[in-house]
Amino acid sequence: MHEFMILLRVLHITLGVFWAGTIFFMVLFLGPSVRSVGPDGAKVMQALARRRFLDVMPVVAGLTILTGLILYWQLSGGMAMGWVRSPFGLSLTIGGGGSILAFIVGVFVMRAATLRAGRLGAGLPAVPAGEREQVEAEIRRLRQRAASGARVVAVLLLIAVVTMAVARYL
């Protein structure tokens, strides 16, 4: 059992670092850079899509959460309320809750808006000239929604990282 817990902890931390680091990089550097180059920024996002970025990230996030839930269950002795209410348990609970919320916002806001904008953008050449402006406005709205979702995910993951990092010392 000890080796299994070590493996879970290594997986949880490694996947969590990748998930949070990727989101922080996107929000602070990639997103603003893509927006600053205008329409050419769509090429970068298309390249990421071809590399299945929007499929990989939910899997990484989901595995981070799954390993975290198993670790939480084991550490809490099956959700013993005394442990859950302890400063250590409460800190991990807050971090885990932040991660779960980040996953939900990431999949149902950020990813969904990005995929829809990508589909609309791919079909843009076939859109009649009279409807093109309306479709472009919808793409801009979806990109803004995705960017807002990414910022929310980044804040939630920051909360998760900080609460989990300090939990042992509370």
Side-chain angles (χ1 to χ4, degrees), residues 7-35 41-42 44-76 78-81 83-122 138-168 170:
L7 176 64
L8 280 179
R9 188 166 162 85
V10 167
L11 279 172
H12 180 69
I13 292 170
T14 303
L15 293 168
V17 165
F18 180 77
W19 180 22
T22 300
I23 293 299
F24 297 155
F25 170 75
M26 286 181 59
V27 168
L28 296 173
F29 298 103
L30 183 62
S33 297
V34 165
R35 283 189 298 277
V44 173
M45 299 313 290
Q46 290 165 353
L48 283 172
R50 282 192 301 276
R51 287 175 174 77
R52 302 183 52 94
F53 176 76
L54 294 173
D55 298 325
V56 170
M57 288 310 295
V59 172
V60 168
L63 288 173
T64 303
I65 291 169
L66 178 62
T67 57
L69 288 171
I70 296 168
L71 286 166
Y72 186 91
W73 181 263
Q74 290 294 319
L75 286 171
S76 70
M79 299 286 287
M81 278 298 118
W83 182 90
V84 171
R85 291 185 184 131
S86 71
F88 180 67
L90 190 56
S91 189
L92 293 181
T93 301
I94 292 167
S99 296
I100 291 168
L101 287 173
F103 178 80
I104 291 167
V105 173
V107 169
F108 295 106
V109 176
M110 191 175 125
R111 182 177 186 272
T114 301
L115 288 173
R116 180 148 162 71
R119 283 191 300 272
L120 288 174
E138 178 66 5
I139 291 170
R140 283 191 301 276
R141 187 190 70 75
L142 288 164
R143 286 182 181 156
Q144 186 66 11
R145 181 174 169 86
S148 296
R151 286 190 294 275
V152 170
V153 170
V155 168
L156 291 167
L157 288 179
L158 181 61
I159 290 167
V161 167
V162 169
T163 57
M164 290 182 192
V166 302
R168 164 175 314 273
L170 299 177

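From a predicted model like this one, the values you see are computed outputs, not experimental measurements. Values reported hereafter were calculated over all heavy atoms of this structure, with side chains retained and with hydrogens, waters and symmetry mates removed.
Distance check: R9 CZ to Q74 CD gives 14.0 Å after rounding to the nearest 0.5 Å. In this structure, CG in L69 is found 9.5 Å from OH in Y72, a value given to the nearest 0.5 Å. Note: L7 CG to H12 NE2 = 13.0 Å, rounded to the nearest 0.5 Å. We find the CG-CG distance between L71 and L8 to be 5.0 Å, quoted to the nearest 0.5 Å. A distance of 11.5 Å separates OG1 in T64 from CD1 in I100, rounded to the nearest 0.5 Å. Once rounded to the nearest 0.5 Å, the distance linking CE of M45 with CG of L30 reads 6.0 Å.
Here the closest non-hydrogen pair linking V161 and A20 is CG2-CB, 4.1 Å. For the pair V27 and A150, the tightest heavy-atom approach, listed with the atom from each and the gap, is CG2-O, 3.4 Å. When all heavy atoms of G95 and A160 are compared, the pair lying nearest together is O-CB, 3.3 Å. For L28 against P32, the heavy-atom pair with the smallest separation is O-CG, 3.7 Å. Across W83 and S76, no two heavy atoms sit closer than the pair CE3-CB, 3.1 Å.
Looking only at side-chain heavy atoms (C-beta outward), M110 and I23 come within less than 4.5 Å of each other. No side-chain heavy atom of M57 sits under 4.5 Å from any side-chain heavy atom of M26. Side-chain contact between L101 and V152 is absent, with no heavy-atom pair separated by less than 4.5 Å. Contact annotation: the side chain of L48 never approaches that of L54 to less than 4.5 Å [non-hydrogen atoms, C-beta and beyond]. Residues L90 and R85 have side chains not in contact (no heavy-atom distance under 4.5 Å, counting atoms from C-beta outward). Residues R35 and R143 have side chains not in contact (no heavy-atom distance under 4.5 Å, counting atoms from C-beta outward). Using a 4.5 Å cut-off on side-chain heavy atoms (C-beta onward), F103 and L156 make no contact.
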Yes or no on side-chain hydrogen bond (donor to acceptor under 3.5 Å, both in side chains) for T114 and R111, after CA distance, side-chain angles and deciding distance? CA-CA 5 Å; T114 301; R111 182 177 186 272; over 6 Å; no
For L63 and W19: C-alpha separation, side-chain torsions, deciding distance, then whether side chain to side chain contact (heavy atoms under 4.5 Å, CB included) applies. CA-CA 10 Å; L63 288 173; W19 180 22; over 6 Å; no
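T14 places no side-chain N or O within donor-acceptor distance of the main-chain N or O of L11, the cut-off being under 3.5 Å. In this structure a side-chain-to-backbone donor-acceptor pair under 3.5 Å is missing from S91 to P87.
Residues passing the side-chain contact (heavy atoms from CB on, under 4.5 Å) test with V17, sequence neighbours excluded: I13.
Residues S148 and R145 have side chains that never bring a donor and an acceptor to within less than 3.5 angstrom of each other.
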